[in-house]
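Here is the structure we will look at.
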Amino acid sequence: TLVIFGGPNFSLDIKKKIEFLNKNKSIDLVIQGDAEVVAKSIVENYKNNGFNIDKLKKLKIPNTLSICHKTKKIYQGDSLDNRVGMNGVDFKDIPSPYLSGAMDPFFENGSIPLLESNRGCPYSCTFCQQGTKYFSKIRYYHHSRVLEELKYIAKKVKEDSLDMRIVEFTDPNFGMYDNDTRICTHIRSVQDEYNYPERIQCSTGKSQPNKIIKNAKIIKRNSMMIRAAVQSMNKSTLEKIARKNLPLNVFKDMSDQGIETYSDIMLSLPGETKETYLNGIYELIDFGIDEFS
């Protein structure tokens, strides 16, 4: 079986990649970065070479890395910029996994569809997988595609009488862009027509608080929890990790307006102590954060 590995938590360091492959010999190839174009190339070449994994590795497909464990030879493809939404790779060229029907077998009670309305993050936070230049350019799906995906999911949930209530947006800064106003308007229209989704899960932006609150109010009340990943509340720690959080008064404003809030806070960051960490938790509680992890 051909086994391919990738994703946001895979090291950018070539030595660590090779070490990873040597420790995990069942994995044949690894992909770095946006994988749509690369994955298609892998599948096509795998098929065209008689489903022979050794032949596939020797092709050195761009943005892949592999090792022949018999000869210890390393096969590394050229590094190409295949980011979707850039350099000729159009979002329109990437079919929707929902509208194509490819996700139909995974619709079942309790499942949570993942949707994406943009890619990229303008921030360079040290302890974040999107804190590198690779992700710095923001690229948007056309909002009409997201509307069609939402409608498709809602219809299927209704027709199949499924106990599915949540949709999650994987955008790193949901709610802070103009395009998000359109997305939230689409969410509300689907909610009004299908009473779905009951809940929206997302990670909201680290700036534009007024716009985030405005967009959160478009959809049905109490259906979206604003998730602010503060990482730390300690000023010197935030400076060390190149991190900026929403102003604290924003959380109070959200709480006063009945908007549910959720925050992530990280352990063991540079300059953090037990005292500053606990003080950060107390601050979040005092400013009305409903939940945190």
Side-chain angles (χ1 to χ4, degrees), residues 3-21 24 27-43 59-67 74-97 114-142 145-146 168-180 183 202-208 227-232 238-245 264 266 269-270:
V3 179
I4 306 166
F5 187 89
N9 298 311
F10 190 47
S11 178
L12 298 171
D13 182 79
I14 184 67
K15 289 182 179 178
K16 289 185 178 178
K17 290 181 192 175
I18 293 169
E19 182 183 334
F20 176 86
L21 282 171
N24 300 276
I27 296 172
D28 300 302
L29 289 98
V30 293
I31 297 175
Q32 192 76 58
D34 284 15
E36 286 90 346
V37 174
V38 189
K40 183 184 178 190
S41 178
I42 289 172
V43 172
L59 294 175
K60 297 183 182 179
I61 294 169
N63 296 344
T64 66
L65 177 73
S66 60
I67 293 175
I74 297 167
Y75 298 107
Q76 184 175 10
D78 294 334
S79 181
L80 300 182
D81 190 349
N82 286 327
R83 283 177 288 179
V84 180
M86 295 181 67
N87 303 318
V89 185
D90 200 294
F91 276 119
K92 288 183 276 190
D93 298 329
I94 309 296
S96 164
L114 297 178
L115 292 178
E116 183 179 56
S117 74
N118 68 61
R119 286 195 189 180
C121 179
Y123 306 107
S124 54
C125 308
T126 306
F127 291 92
C128 178
Q129 58 91 3
Q130 294 207 42
T132 63
K133 285 184 179 179
Y134 181 88
F135 294 99
S136 62
K137 175 73 174 174
I138 317 302
R139 298 149 277 150
Y140 303 93
Y141 287 89
H142 196 277
R145 167 169 163 156
V146 181
E168 181 166 349
F169 278 86
T170 63
D171 307 9
N173 295 289
F174 189 80
M176 76 177 203
Y177 302 115
D178 290 337
N179 195 53
D180 294 325
I183 300 298
C202 62
S203 181
T204 42
K206 289 165 277 298
S207 63
Q208 306 292 331
R227 181 182 178 203
V230 297
Q231 295 196 3
S232 174
L238 292 173
E239 289 172 356
K240 285 183 171 72
I241 64 174
R243 175 83 180 182
K244 185 179 180 182
N245 290 331
D264 295 318
M266 293 173 68
L269 290 174

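Source: prediction; values computed, not measured.
Shortest non-hydrogen contact noted between V230 and L238 is O-CD2, 4.0 Å. Closest approach of I138 and Y177 over heavy atoms only: CD1-OH, 3.7 Å. Residues S11 and Q32 approach most closely at O-OE1, 3.1 Å, considering heavy atoms. Nearest heavy-atom pair, N179 versus S117, reported as atom, atom and distance to 0.1 Å: ND2-O, 4.1 Å. In plain terms, the two heavy atoms of P172 and G120 that are nearest each other are CG-O, 3.2 Å. The heavy-atom pair separating A242 from S124 by the smallest distance is CB-O, 3.9 Å.
For N24 (side chain) and I27 (main-chain N/O), no donor-acceptor pair under 3.5 Å exists by modelled atom type. Of the possible polar contacts, one joining the N63 side chain to the L80 backbone as a donor-acceptor pair under 3.5 Å is found. Between the side chain of Y134 and the main chain of D34, a donor-acceptor pair closer than 3.5 Å is present. Checking side-chain atoms of D28 against main-chain N and O of V3 turns up a donor-acceptor pair under 3.5 Å.
No side-chain heavy atom of S232 sits under 4.5 Å from any side-chain heavy atom of K240. Two residues are said to be in side-chain contact when any heavy atoms from C-beta on lie closer than 4.5 Å; R243 and F127 fail this criterion. With a 4.5 Å cut-off on side-chain heavy atoms, Y141 and E116 count as touching. Under the 4.5 Å side-chain criterion, counting only non-hydrogen atoms from C-beta, P270 is in contact with I241. Side-chain contact between F91 and R139 is present, with at least one heavy-atom pair separated by less than 4.5 Å. Contact of the V89 side chain with the R83 side chain is not registered, since no non-hydrogen atoms from C-beta on lie closer than 4.5 Å. Taking 4.5 Å as the limit, some side-chain heavy atom of L65 sits within range of a side-chain heavy atom of I18.
Distance check, rounded to the nearest 0.5 Å: CD1 of I4 to OG of S66 gives 11.0 Å. Summarising the geometry, atom OG1 belonging to T64 is positioned 15.0 Å from atom CZ belonging to F5; distances are rounded to the nearest 0.5 Å. Going from atom CD of Q76 over to atom CD1 of I67 covers 10.5 Å, rounded to the nearest 0.5 Å. Summarising the geometry, atom NE2 belonging to H142 is positioned 11.0 Å from atom CG belonging to D90; distances are rounded to the nearest 0.5 Å. The SG atom of C125 sits 10.5 Å away from the CD atom of Q130 when rounded to the nearest 0.5 Å. Of the inter-residue distances, the one linking K40 atom NZ with D93 atom CG reads 8.5 Å to the nearest 0.5 angstrom.
Checked by atom type, the side-chain pair N118/D171 shows a donor-acceptor distance below 3.5 Å.
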